[in-house]
Amino acid sequence: ANPLFEYLLRMGDDRLVLGHRLSEWCGHGPILEEDIALSNIALDLIGHASSLLALAGEVEGQGRDADKLAYFRDAVAFRNALLVEVPNGDFAVTMVRQFLFDAYSVLLLDALSRCEHEGLAAVAAKSLKEDKYHLRHSSEWVVRLGDGTAESHERAQKALDSLWRYTGELFDHDAVDDAVAAEAFIAIDHDALHSLWLTMVKDVVHRATLTLPTDPAMRRGGRRGFHTESLGHMLATMQIVARSHPGASW
Amino acid sequence: ANPLFEYLLRMGDDRLVLGHRLSEWCGHGPILEEDIALSNIALDLIGHASSLLALAGEVEGQGRDADKLAYFRDAVAFRNALLVEVPNGDFAVTMVRQFLFDAYSVLLLDALSRCEHEGLAAVAAKSLKEDKYHLRHSSEWVVRLGDGTAESHERAQKALDSLWRYTGELFDHDAVDDAVAAEAFIAIDHDALHSLWLTMVKDVVHRATLTLPTDPAMRRGGRRGFHTESLGHMLATMQIVARSHPGASW
Amino acid sequence: MDQNPPVPTEDPALLAAFEARIAAGESIEPKDWMPERYRKQLTRMMSQHAHSEIVGMLPEGNWITRAPSLRRKMSLIAKVQDEAGHGLYIYCGTETLGVDRHELVEALLDGRAKYSSIFNYPTLSWADMGVIGWLVDGAAIVNQTVLAKASYGPYARAMVRICKEENFHKRQGYEICSVLANGTPEQKAMVQEAFNRFWWPSLMMFGPSDTDSPNSAELLKWRVKRKTNDELRQRFVNLTVPQAIAIGITVPDPDMAFDADTGNWEFGEIDWSEFFEVLKGNGPCNRERLDARRKAHADGEWVRAAATAHAEKQKARSSTAAA
Amino acid sequence: MDQNPPVPTEDPALLAAFEARIAAGESIEPKDWMPERYRKQLTRMMSQHAHSEIVGMLPEGNWITRAPSLRRKMSLIAKVQDEAGHGLYIYCGTETLGVDRHELVEALLDGRAKYSSIFNYPTLSWADMGVIGWLVDGAAIVNQTVLAKASYGPYARAMVRICKEENFHKRQGYEICSVLANGTPEQKAMVQEAFNRFWWPSLMMFGPSDTDSPNSAELLKWRVKRKTNDELRQRFVNLTVPQAIAIGITVPDPDMAFDADTGNWEFGEIDWSEFFEVLKGNGPCNRERLDARRKAHADGEWVRAAATAHAEKQKARSSTAAA
């Protein structure tokens, strides 16, 4: 009913869910310096999500702010891509997931920073800087793990093989995208984005001495609320305190 | 302020938390027949909890029924012993935890079935039958694991070593116990119970070819709401749907 | 397990006698002679059914820890436990056909065995627990009530037992939905949304039109199958739509219309491409379901080994004691 | 690390010069001569402090995933991240004393190294996040403000940097408590309950009365320690009680009373038996904290190995390229 709202929800939820997943690592990272790095990235992503969800709430015009959207929607109302909700797994899964998303996000935000919707362009431009650091960090780790030890290589390859099926969804485009292109002048060329992304990914995968998976059937559904069973459990933890005190301030 | 209420909460919470922990195994058991057995035990325990919490709510007299108590209290208000909230770990941890509790519960319920509080005596008598099956099941498994393979023996010993520190709390007695003895004629001789329990445990541990741990310092606090950090996370999952719809019926 | 092996040469006299027994409505029992293809078809159907019960524990098991009342929690645990029992019971049935349960389990974990497509859908809200009981058990009952008269004795009897329990589950599922539909606005929305997700997949549970189903003709001849897929699907729709109307749930099918002449609720075209994708292993949860079963199996290896080792020690001790 | 090794024979002239520098308020730097016992005491204090920062990430990290607003979630992540940074910074400081960071980490994971007792208490509600910032960071600041004038340069400078961030954390913690104390009845009860749990443990953070503390005399002489435990504890109480009163929180001490003559909030007897149990390893969470650090370390082994292997490959490639 409100395509721009849906669109912003998708972007905000991507970063909220991914940021939350990363924050699960705090205090449990493999290296202290990496604990700090992951926390930094989580912080950035949740910040981006905050801005995007706030914008979404304004566009929706029903009085829902970022917290209301983050803490009081059920799983079926979330619009994140499936890639970001998959559990952290080991450090390889986390880093490969991060890299696949960062490469997409940098390209997307770069395009959006030039779109004609001022509010979104501003958020995109501001977030882009940080995303570029994220991308550098995650691609370096994919290379380190792929071209590290035999064990890290195997874990990285396994991660890539299991996550690849979620990457198609990032570049899907549907009626919502068509509508925002028409109504809000947010026109992303998804095929071009996908192509650029694939080039970036192939390069890092190659430097990491990993093998690009052959396209299995892609898993999709997140953009329409058809999530995996993981999201509900993640949200139970995320929302329990807020939901236990409806109407309270923190 | 209401010792009988506190007392019933302790008993109800023990069985609610343990039953919930067991229910986490559904669909993931090592053998189909064991999936069924664990589900059966979980069902029984939650049933016992239901009766005990309902009784507690009546005694409290503030309109809280079993569901209100189960789903709308925070971790600090729970009164279960720490033993039952520890995460399931592997099947050995689950079975050893179950055995240590079942032995205690059978002895306790046997004593309580003869106490002068009619409501509690009735619940105790009814639950005792099922608890005896539980005890037989769990002690057989402890023996099977302890006197099975080298791996199962090691896992069972590890489980016993790590859980032993939670057993002291089961036989603690404090002002609440004194008060219910005086006011509600529920007089349990905790030292005698502990002694009988130890005899039962030593017998099974011996048959399982395991070694009884030497008393490390005992961990306590559950009876006063000083829980481990696990309980809060367990309750987040358990309570999220109910808390998200305050006042709704299911 | 081959779907279409070369037809082994069966003794024509035995085959004729067998088919006469079937036509007379007799029950075929484990020790009776049966064509190899009959044995294979039954094994396939029964093992798929057993696998379905076992895998079917997972989508519902997913909500046990979040059930919002103690009564619902207990009911759900009992339901999942019943499913495990059904699986066990049918595995025992397949053993009467000479198949080893462990081989069947291996085939499932390897991804070679089939199970009902519906269990490859994720459960995303509490309302799914009501909808699954109502629609999925409901569809299973329509299938199984007919199978209760199937020619193979052990399977028919298993169906009678299982149907009884599943009828109870279906009523409970419908009751959950009814409470939600009469609840808060959020609960109403929750159950409608869940119904929307499961409606079409439950229609697909009956399988494609029989013209597209390779096994149907043979199974009908041998009275293993008694009705066509389309007949069963229509029966299910006719039962279910009034139930939905009764609690204010809208069927997500703009083409649905009641035909007074036939008494059927006519429904729209089913998008079978989704079904075939799920069958191929590309459904929403195929991988997660198998991963969960594999993990349980692998994690349980040391437990099963311990049980075996202990049993052997006990046996050795009693032999020694006896000696 | 020995608490009381036999005093090594130090050159009396060097020792005298060293103590004169201390008395003159000079800063001892890494390259300066220092008695072996001084080096050992500083290493002990600094490593305990670093370990405390690292372990201290866990009780608060426990609530990141449940923080009830996006702003609080971000603040908490940032706080925990700061603690990691403090730990890193102080580990680097210990390296100036010639101690290897990996040895220190090993001592921690082996259970040989000490860290502040307060982190052996579990965090049981969201309100603990406010109370920890307010009371625990608050107590740490009282300790550290004084340490900022400690005689060992690197430690003093680290304290200045860390105190700045911890002052911010303390204010944020107090703000969280203030919002709760002015919130719903449930929130008020939540923060009072959390305060009740952390009050006495935070008083214990200053350590027992100096008469009971083996290291105090020496540390005071060397101006590593500048005030006694009791003086610092009293300062903390005097700062904190008015803050509690201001937001309607009751201090769980029936013996608390303001002494107009001294200006001190007099408080009741501390039950030191709890403190000593926690020090011995028998606190509520001692085992869980170490288990968590051990697990992170063990699980991270392959990652560290990969980073090392990759770095070596890179080095080999650039040597080859250069050659």
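Since the model is a prediction, treat every value here as computed from it, not as a measurement.
Residues of residues 175-187 of chain D lying under 4.5 angstrom from chain B, judged on non-hydrogen atoms, do not exist.
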Worked verdict on V76(B) versus R197(D) for side chain to side chain contact (heavy atoms under 4.5 Å, CB included): CA-CA 11 Å; V76(B) 297; R197(D) 269 184 291 110; 4.2 Å; yes
Give the intermediate values and the outcome of side chain to side chain donor-acceptor pair (under 3.5 Å) for residues T228(B) and E288(D). CA-CA 9 Å; T228(B) 68; E288(D) 285 86 332; 5.5 Å; no
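Looking only at heavy-atom pairs under 4.5 Å with chain B, the residue among R66(D), E193(D), M190(D) that has the most is R66(D).
Residues in residues 218-239 of chain B take part in no ring-ring contact (aromatic ring centres under 6.0 Å, His included) pair, two or more places apart or across chains.
With a 4.5 Å cut-off on non-hydrogen atoms, S230(B) does not touch chain D at all.
With sequence neighbours excluded, the residues that form a side chain to side chain contact (heavy atoms under 4.5 Å, CB included) with R165(B) are P216(B), R219(B), R287(D). Residues passing the ring-ring contact (aromatic ring centres under 6.0 Å, His included) test with F206(D), sequence neighbours excluded: F236(D).
The shortest heavy-atom contact between L124(D) and G225(B) is CD1-O, 3.8 Å.
Other residues, nucleotides and ligands place no more than 12 heavy atoms under 6.0 Å from the NZ atom of K158(B).
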